Amino acid sequence: LPNVVVLFASVIIVVPIIGFGWLGYHNFVYGSDEIASLYTLFFGMFGALLTVIFGSLLPWLAWHEANNLIVASGKFL
């Protein structure tokens, strides 16, 4: 298949599936606060989009760890 078709299919199919999977896992672990759930859904979808665009998990992992660091550091203030 041409690269454009693969990229389009990945964005239309893979990104929402990964986003909802990310949401399901985090709801299972952290509970089901509606605002946090919406943020988690968009975070997962954007992370999946980063993975599709760059072809690597490394940008998403770096962004996820930076986010966890910022959230955790806010608890110490």
Side-chain angles (χ1 to χ4, degrees):
L1 294 174
N3 288 339
V4 175
V5 173
V6 171
L7 183 64
F8 181 75
S10 295
V11 169
I12 298 299
I13 297 169
V14 174
V15 169
I17 289 172
I18 298 298
F20 281 108
W22 192 264
L23 172 65
Y25 170 74
H26 283 82
N27 278 345
F28 177 71
V29 173
Y30 299 118
S32 58
D33 178 23
E34 291 178 8
I35 300 298
S37 294
L38 186 61
Y39 172 74
T40 303
L41 173 65
F42 287 136
F43 188 91
M45 290 178 75
F46 186 72
L49 185 62
L50 283 175
T51 302
V52 167
I53 290 171
F54 290 109
S56 173
L57 283 173
L58 293 179
W60 188 1
L61 290 174
W63 183 43
H64 183 246
E65 292 304 318
N67 181 59
N68 285 348
L69 178 65
I70 291 167
V71 170
S73 66
K75 293 178 182 179
F76 292 113
L77 296 176

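None of the values given here were measured: they were computed from a predicted structure.
No side-chain heavy atom of His26 sits less than 4.5 Å from a side-chain heavy atom of Phe43. Proximity of His64 to Trp22: side-chain heavy atoms (C-beta onward) are separated by under 4.5 Å at one or more points.
Side-chain heavy-atom separations under 4.5 angstrom define the hydrophobic clusters, and the remaining members of the one that includes Phe8 are Ile12, Ile13, Ile17. Listed by chain and number, the hydrophobic cluster partners of Val71 come to none, as no ILVMFWY side chain reaches under 4.5 Å of it. Hydrophobic cluster membership of Phe76, counting Ile, Leu, Val, Met, Phe, Trp and Tyr whose side-chain heavy atoms lie under 4.5 Å apart directly or via other members: none, as it forms a cluster of its own. When hydrophobic residues (I, L, V, M, F, W, Y) are linked wherever their side-chain heavy atoms come within less than 4.5 Å, the members clustered with Tyr30 are Tyr25, Phe28, Val29.
Every residue two or more places apart in sequence or in another chain was checked for a side chain to side chain contact (heavy atoms under 4.5 Å, CB included) with Asn3, and none qualifies. Applying the side chain to side chain contact (heavy atoms under 4.5 Å, CB included) rule to Phe42 yields the partners Leu38; only residues at least two apart in sequence or on another chain are considered. With sequence neighbours left out, the ring pair (Phe, Tyr, Trp, His ring centres under 6.0 Å) criterion links Phe54 to no other residue. Remark: Ser73 pairs with no residue by the side chain to side chain contact (heavy atoms under 4.5 Å, CB included) rule, at least two apart or across chains. Among residues two or more places apart in sequence or in another chain, the side-chain hydrogen bond (donor to acceptor under 3.5 Å, both in side chains) test is passed with Asn27 by Ser37.
Taking CG of Leu58 as the start and CG of Leu50 as the end, the distance is 11.5 Å to the nearest 0.5 Å.
Under the side-chain hydrogen bond (donor to acceptor under 3.5 Å, both in side chains) criterion, no residue pair touches residues 40-60, with sequence neighbours excluded.
A pairwise comparison of heavy atoms in Gly44 and Ile18 identifies O-CG2, 4.3 Å as the closest pair.
Connection of Val6 to Leu49 is not established within any shared hydrophobic cluster, with ILVMFWY side chains joined at heavy-atom distances below 4.5 Å, either directly or through further cluster members.
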